[in-house]
Number of protein chains: 2
Amino acid sequence: MILITKEEAKHLSINNLKRYRLRKMVLRYLYEERFVSAAEVSQKISVSLPTTKTLLDELIALGAVMTSGIGDSRGGRKPALYSLVAGAFYVITIGIEHYSAKIAIFNSHNELVTEVRTIQTNVNHPDLAEKLHTVSMDLIHEARIDDSKIVAVGVYMPGLVNSATGINYAIKNEAYQNIGKTLKKRFGKTIYIDNDARMQALGEFIFGKAKDSRNALVINWSWGLGLGMILNGQLYGGSTGFAGEFGHIKLEENGILCYCGKRGCLETVASSQSILNMAISGIENGTITQLATPYKDNLSSLKPEDVVNAARAGDEFSISILNKVGNSFGRGLAVLIQLLNPEIIVLGGPISKAQQFILTPIQQTLNQDCLEKISSIVRIEISEIDDRSGLLGLCARLFQKVLGDVTEVR
Amino acid sequence: MILITKEEAKHLSINNLKRYRLRKMVLRYLYEERFVSAAEVSQKISVSLPTTKTLLDELIALGAVMTSGIGDSRGGRKPALYSLVAGAFYVITIGIEHYSAKIAIFNSHNELVTEVRTIQTNVNHPDLAEKLHTVSMDLIHEARIDDSKIVAVGVYMPGLVNSATGINYAIKNEAYQNIGKTLKKRFGKTIYIDNDARMQALGEFIFGKAKDSRNALVINWSWGLGLGMILNGQLYGGSTGFAGEFGHIKLEENGILCYCGKRGCLETVASSQSILNMAISGIENGTITQLATPYKDNLSSLKPEDVVNAARAGDEFSISILNKVGNSFGRGLAVLIQLLNPEIIVLGGPISKAQQFILTPIQQTLNQDCLEKISSIVRIEISEIDDRSGLLGLCARLFQKVLGDVTEVR
DNA sequence: CACTGTTATTTATATTTTTTATAAAGGAAG
DNA sequence: CTTCCTTTATAAAAAATATAAATAACAGTG
């Protein structure tokens, strides 16, 4: 076995432990950099070139690494390049959403090796874990993957998820609070569970707009306001994994009642639902708008996206709604910026697709509410990968766990 | 030299680099643990006992480490204990406050080896750097410290300090925006500059109430509201060192005008100044209060501490003021808790000394504004070391820098 | 107080790694 | 096309490190 558990690693002799750690460092570096020369690896892991070579040779013998051509030189002999074998390791990623779940398998080049299969279900489904396992097995067989090469299974889900324990405290059904335990039994692999917004944030950090930003905030702007944070280059989850409850910070003393039971939560004035509420009451009151004709007698089919599209088509009423919502959202964002001084904020979800109709009012509010020195350095951008950032983030997180966290390695 | 610069380390051969890193790891471990056996060191640095022994012997020969007695055993031969020599390294810590500066020197046991000398001055003093240097030199001589054993000089100051560059963007005077540069010239040592609230947070994290809490918030509750954050066990400064502007988050849409130019900042309703304002207007309006007699004709000498003391003596009016301020503060704190899910919040500064008179209204507001799952796990405590947490934090930070950040060491 | 079990320390040997030297491969300049 | 320089690759010598075995120190027990 190339990778072993922490428990097994404890029983290794000093020499074997060193070897194992070096191997993991090499694998981690190859995972992150794709094509590297032996000299670069040697530099990175602070080990002489001959030993680096034997390490690489061992990994080649184990089938995890391969040589792939020769690189460019800046004056001397061209180096042989090494890379991870794409099929050396696989991870299964599962994204649980409100009424559906996505399942997909990635290889060690972060490439999808299966379709993203979507199943209709919900968090309280009686045999969710079993269903997820069955579908995963189907995918493994279809893609003809050797089961032993699956190194980890990851799940993201909404709610208050403590990734250290895998327990979701927002779910009433006790059996599914701790779905990790059930999955562990079924899969017999390393299981990792985290919150959906956090995995999206990691996806943006590694593959998206927040790449290379050590301090980034990613907000999924939809029915709720999911916030994932990258702080000091690390995913931040808080002491019990509940960090990022951006939608339920209270900005109005006597605001609208939120479904969480509190009053004046940001979600009550800056979510998809608030957009719908405003649109519906406007249509009912006979406001002139493009939305009136198609939806007047069919209010229940009105979706937030429709308001966004109408705004893009020039509908003044829709623009004013987005303006209001943007201002409210901006007030919350200003708080975040003052507290965390991020260098980038990435917005995802349907509302973010309103582009300038939403960015302009946000910026307006930030100018009002923030210290100039702090707000002037932050970039606000719209995600380009928010349909898959969660699964990608999960994929990256799993490989981080399996190949060693940068922060873990001593 | 036991410690060298990063630049020098780059020119080391692989073997010497390894040796150097191991030495630093040993020193760091001894700095953190005080008394350890060779076996423990060996474990910690993943190196065999014989080599650990030679490492320790070398460090003893260099005068940085000494044996100090023997430890307890659980059945076998008692181990020889090793510890850092107290006088092996020293750091100079400088705390710049609004109208004064504190200077003190600590040894590698985090012990003060001089008095804490206070000089009257302010950030815009024409020759602040020179004065600080002169006083430091006096202290060095008085304590008979060998100058070569001073390994770093640290400064904390209020404002928007970027600790990576040492520049303070809140100070108008350009020459003193970058006091680090001037100090570097004078001292010729590693200079570290950071924000006051952050250093207090680190002090609490390492020596105070937040010890062993990986996610802690420390608030200095005084004229301003200084926030320092420990997230994932690391000090958090944001992308440009401006994180923690808790006092200037906007919670009231049309609130009081703040000196920062914005309206409705938390500081306008939850700082020392707001306590004074309420007390003064109450006294002027003839409210019955213990404060009336001593201060009626002498309002300018009224201090926030007086209100706190009156409350403790049972003065209803003062209690009601603290109640209001506690509620306002609680609203801000609720936002912090929802976003960051800390396990402890440590309050320092004069207002925090009001104990239950302020904790009760805070808790009340938290119950209203927070999700129960998040607020129920957070402990709110009053600092016991807030008169010296800043210098202590700075001392720890300097040794972290010099002996290698845990996160830096690979 | 001798005996046994346990842990710490030291020494000798075996193993691993680095260093140094040398060869091979390629680029740049004349 | 040759020479010189730089970089990579490999082999052999030298140094550093780990392992294992031996010794020392101590606690508990009969």
Side-chain angles (χ1 to χ4, degrees), chain A residues 9-26 29-30 33 35-62 65-83 409-410, chain B residues 9-26 29-30 33 35-62 65-83 409-410:
Chain A
K10 274 184 190 164
H11 303 300
L12 256 38
S13 69
I14 290 181
N15 252 340
N16 289 339
L17 187 64
K18 277 188 179 172
R19 212 110 247 265
Y20 176 66
R21 284 193 181 155
L22 283 176
R23 262 191 204 162
K24 256 177 54 163
M25 285 173 80
V26 172
Y29 188 52
L30 290 175
E33 297 295 323
F35 296 104
V36 289
S37 70
E40 287 170 315
V41 176
S42 160
Q43 272 274 314
K44 181 75 181 178
I45 67 177
S46 287
V47 155
S48 74
L49 224 131
T51 26
T52 304
K53 270 289 279 177
T54 59
L55 271 169
L56 286 168
D57 288 343
E58 281 170 14
L59 286 169
I60 288 174
L62 287 165
V65 171
M66 63 184 195
T67 55
S68 36
I70 49 174
D72 285 340
S73 93
R74 300 164 303 286
R77 176 173 177 173
K78 290 181 175 174
L81 293 183
Y82 296 82
S83 68
V409 183
R410 217 182 333 104
Chain B
K10 275 185 187 162
H11 304 298
L12 256 39
S13 71
I14 290 182
N15 250 342
N16 289 340
L17 186 64
K18 277 188 178 171
R19 212 109 246 268
Y20 175 65
R21 284 192 180 156
L22 283 177
R23 261 192 205 161
K24 257 180 47 168
M25 284 174 80
V26 172
Y29 188 52
L30 288 176
E33 296 296 323
F35 297 104
V36 289
S37 70
E40 285 169 317
V41 176
S42 162
Q43 272 275 313
K44 182 75 183 177
I45 66 177
S46 286
V47 154
S48 74
L49 229 137
T51 29
T52 303
K53 267 291 277 179
T54 60
L55 270 169
L56 286 168
D57 288 343
E58 280 170 13
L59 286 169
I60 288 174
L62 286 166
V65 171
M66 61 185 198
T67 54
S68 37
I70 48 174
D72 285 341
S73 92
R74 301 164 300 286
R77 178 173 175 172
K78 291 179 176 174
L81 294 182
Y82 296 81
S83 68
V409 182
R410 219 182 329 106

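Everything quoted here is computed from the prediction, not taken from an experiment.
At a threshold of 4.5 Å between non-hydrogen side-chain atoms, the residues A:M25 and A:K44 do not count as touching. For the pair A:L81 and A:V36, the minimum side-chain heavy-atom distance is 4.5 Å or more. Side-chain atoms of B:S46 and A:L17, non-hydrogen and from C-beta on, do get closer than 4.5 Å to each other.
When rounded to the nearest whole Å, the span between CG of A:N15 and P of C:dT18 equals 12 Å. Rounded to whole angstrom, the span from the CD1 atom of B:I45 across to the P atom of D:dA18 amounts to 9 Å. Taking atom CG on B:D57 and atom P on C:dA8, their separation rounds to 17 Å, with Å as the unit. Atom CG of A:N16 is separated from atom P of C:dT16 by 9 Å (rounded to the nearest Å). Rounded to whole Å, the distance from CG on A:L55 to C1' on C:dT18 is 14 Å. In this entry the distance linking CG of B:D72 with C1' of D:dC26 reads 12 Å, nearest Å. Nucleotide D:dA18 holds its P atom 14 Å from the CG atom of A:L12, rounded to whole Å. In this entry the distance linking CZ of A:R21 with P of C:dT16 reads 18 Å, nearest Å.
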Donor-acceptor pairs under 3.5 angstrom involving side-chain atoms of residues 47-54 of chain A: please list them, not counting sequence neighbours.
| unit_1 | atom_1 | unit_2 | atom_2 | d |
| --- | --- | --- | --- | --- |
| A:S48 | OG | A:T51 | OG1 | 2.8 |
| A:T51 | OG1 | A:S48 | O | 3.0 |
| A:T52 | OG1 | A:V47 | O | 3.4 |
| A:T52 | OG1 | A:S48 | O | 2.8 |
| A:K53 | NZ | A:Y82 | OH | 3.0 |
| A:T54 | OG1 | A:T51 | O | 2.8 |

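Checked against salt bridge (charged side-chain N to carboxylate O under 4.0 Å, His left out), A:E33 has no partners two or more places apart in sequence or in another chain.
The line from CE of B:M66 to CG of B:L59 is 13.5 Å long, rounded to the nearest 0.5 Å.
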Within the sub-3.5 Å range, which N or O atoms of nucleotides 8-11 of chain D have a protein N or O partner, and how far apart are they?
| unit_1 | atom_1 | unit_2 | atom_2 | d |
| --- | --- | --- | --- | --- |
| D:dT8 | O2 | A:R77 | NH1 | 3.4 |
| D:dA9 | OP1 | A:A80 | N | 2.8 |
| D:dA9 | O4' | A:R77 | NH1 | 3.4 |
| D:dT10 | OP2 | A:K53 | NZ | 3.2 |

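Comparing A:T51 and A:I70 by the nucleotide of DNA chain C whose heavy atom lies nearest to each, the residue mapping closer to the 5' end is A:T51.
The side chain of B:R19 approaches D:dT17 more closely than any other nucleotide in the set C:dT17, D:dT19, D:dT17.
Put simply, B:S13 has no side-chain N or O that comes within less than 4.0 Å of OP1 or OP2 on C:dT18.
A distance-only check finds a donor-acceptor pair linking the side chain of B:E40 to the backbone of B:S37 [under 3.5 Å].
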